[in-house]
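Report on the following structure.
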Amino acid sequence: LNRLQGAQAYHTPPQPSQTAEPAPARVTLSGRVGAWQDLMGTYALMKGRTNNNKPMYTCNTFGGVSNFIFCARDGTWNVTDDEEDIGMDTSSIKSTSASDLPTLLCWSFLNGKAWVEDEAISLVAVWEEEGAAPTNPYAAQQQQMGMQQNQWGQQQQQQVQ
């Protein structure tokens, strides 16, 4: 915001938002079939741990491996099964665009050396702790999008077989 005071112009910096959107308590990543399907699952918010000032999520698999969802320096959200990847901003699945939270995004997976967009991958957020009344205005939309993407992915798989 530029203001003119006498003959001098000065700039008033934007004020930080007073209502930052809270991070979802849990997110469920689903839809990937084939390579990297082992990264699908429900991830819990890692309280007190961030990467690039954004929340991080973890999912423990049956084999005892921890998977992670984190925000890279470029603002994209990444999924990996190797904690060392976090510091190097490398992953096997990532969002196709930057965002403050990993919700309502499109996703791609690493196919050798190239990133391939996969419309079947979806991430559905749970904004409340278990038992809390729903307050997320996007919850129904996210759930419906996730179901539609999963149905589309299943149809694509059936056509390939």
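In this structure, the side chain of W77 engages the main chain of S99 through a donor-acceptor pair within 3.5 Å. No side-chain donor-acceptor contact under 3.5 Å links S95 to the backbone of C106. For N78 (side chain) and S91 (main-chain N/O), no donor-acceptor pair under 3.5 Å exists by modelled atom type. D118 places no side-chain N or O within 3.5 Å of a backbone atom of S108 that could act as its donor or acceptor partner.
Contact check for P102 versus L123: side-chain heavy atoms found under the 4.5 Å cut-off. Considering only heavy atoms from C-beta on, M56 stays 4.5 Å or farther from I69 through its side chain. Taking 4.5 Å as the limit, some side-chain heavy atom of I121 sits within range of a side-chain heavy atom of I93.
Residues meeting the side chain to side chain donor-acceptor pair (under 3.5 Å) test with D89, sequence neighbours left out: R73. For D82, the side-chain contact (heavy atoms from CB on, under 4.5 Å) partners are T80, E84, D85, not counting sequence neighbours.
Under the side-chain contact (heavy atoms from CB on, under 4.5 Å) test applied with V79, the options Y57, W36, W107, F70 reduce to a single match, W107. Considering L104, T103, L105 in turn, T103 is the only one that fulfils the side-chain contact (heavy atoms from CB on, under 4.5 Å) rule with L101.
F109 and F68 fall into different hydrophobic clusters, where Ile, Leu, Val, Met, Phe, Trp and Tyr side chains are chained together by heavy-atom contacts under 4.5 Å. Cluster membership check: Y43 shares its hydrophobic cluster with L45, using side-chain heavy-atom separations under 4.5 Å among Ile, Leu, Val, Met, Phe, Trp and Tyr.
Counting Ile, Leu, Val, Met, Phe, Trp and Tyr side chains that sit under 4.5 Å apart, directly or through other members, M88 stands alone, with no cluster partners.
Contact between D74 and T76 at its shortest, heavy atoms only, is OD1-OG1, 2.7 Å. Minimum interatomic distance between S92 and L39 (heavy atoms only, all atoms of both residues): CB-CD1, 3.8 Å. Residue M40 comes nearest to G31 through the heavy atom pair SD-N, 3.7 Å, listed as atom of the first residue, atom of the second, then distance.
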Passes salt bridge (charged side-chain N to carboxylate O under 4.0 Å, His left out), E119 versus R32? Steps please.
CA-CA 9 Å; E119 293 178 0; R32 181 75 198 121; over 6 Å; no
Mind running side-chain contact (heavy atoms from CB on, under 4.5 Å) on M46 and N51 for me, showing each step along the way?
CA-CA 11 Å; M46 298 175 75; N51 194 64; over 6 Å; no
If you apply the rule side-chain contact (heavy atoms from CB on, under 4.5 Å), what do you find for S66 with N60, and how did you get there?
CA-CA 5 Å; S66 292; N60 295 321; 2.8 Å; yes
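Crowding of D100 atom CG: a count of heavy atoms from other residues, nucleotides or ligands under 6.0 Å not exceeding 12.
Side-chain contact of T42 with T28: a donor-acceptor pair under 3.5 Å is present, judged by distance alone.
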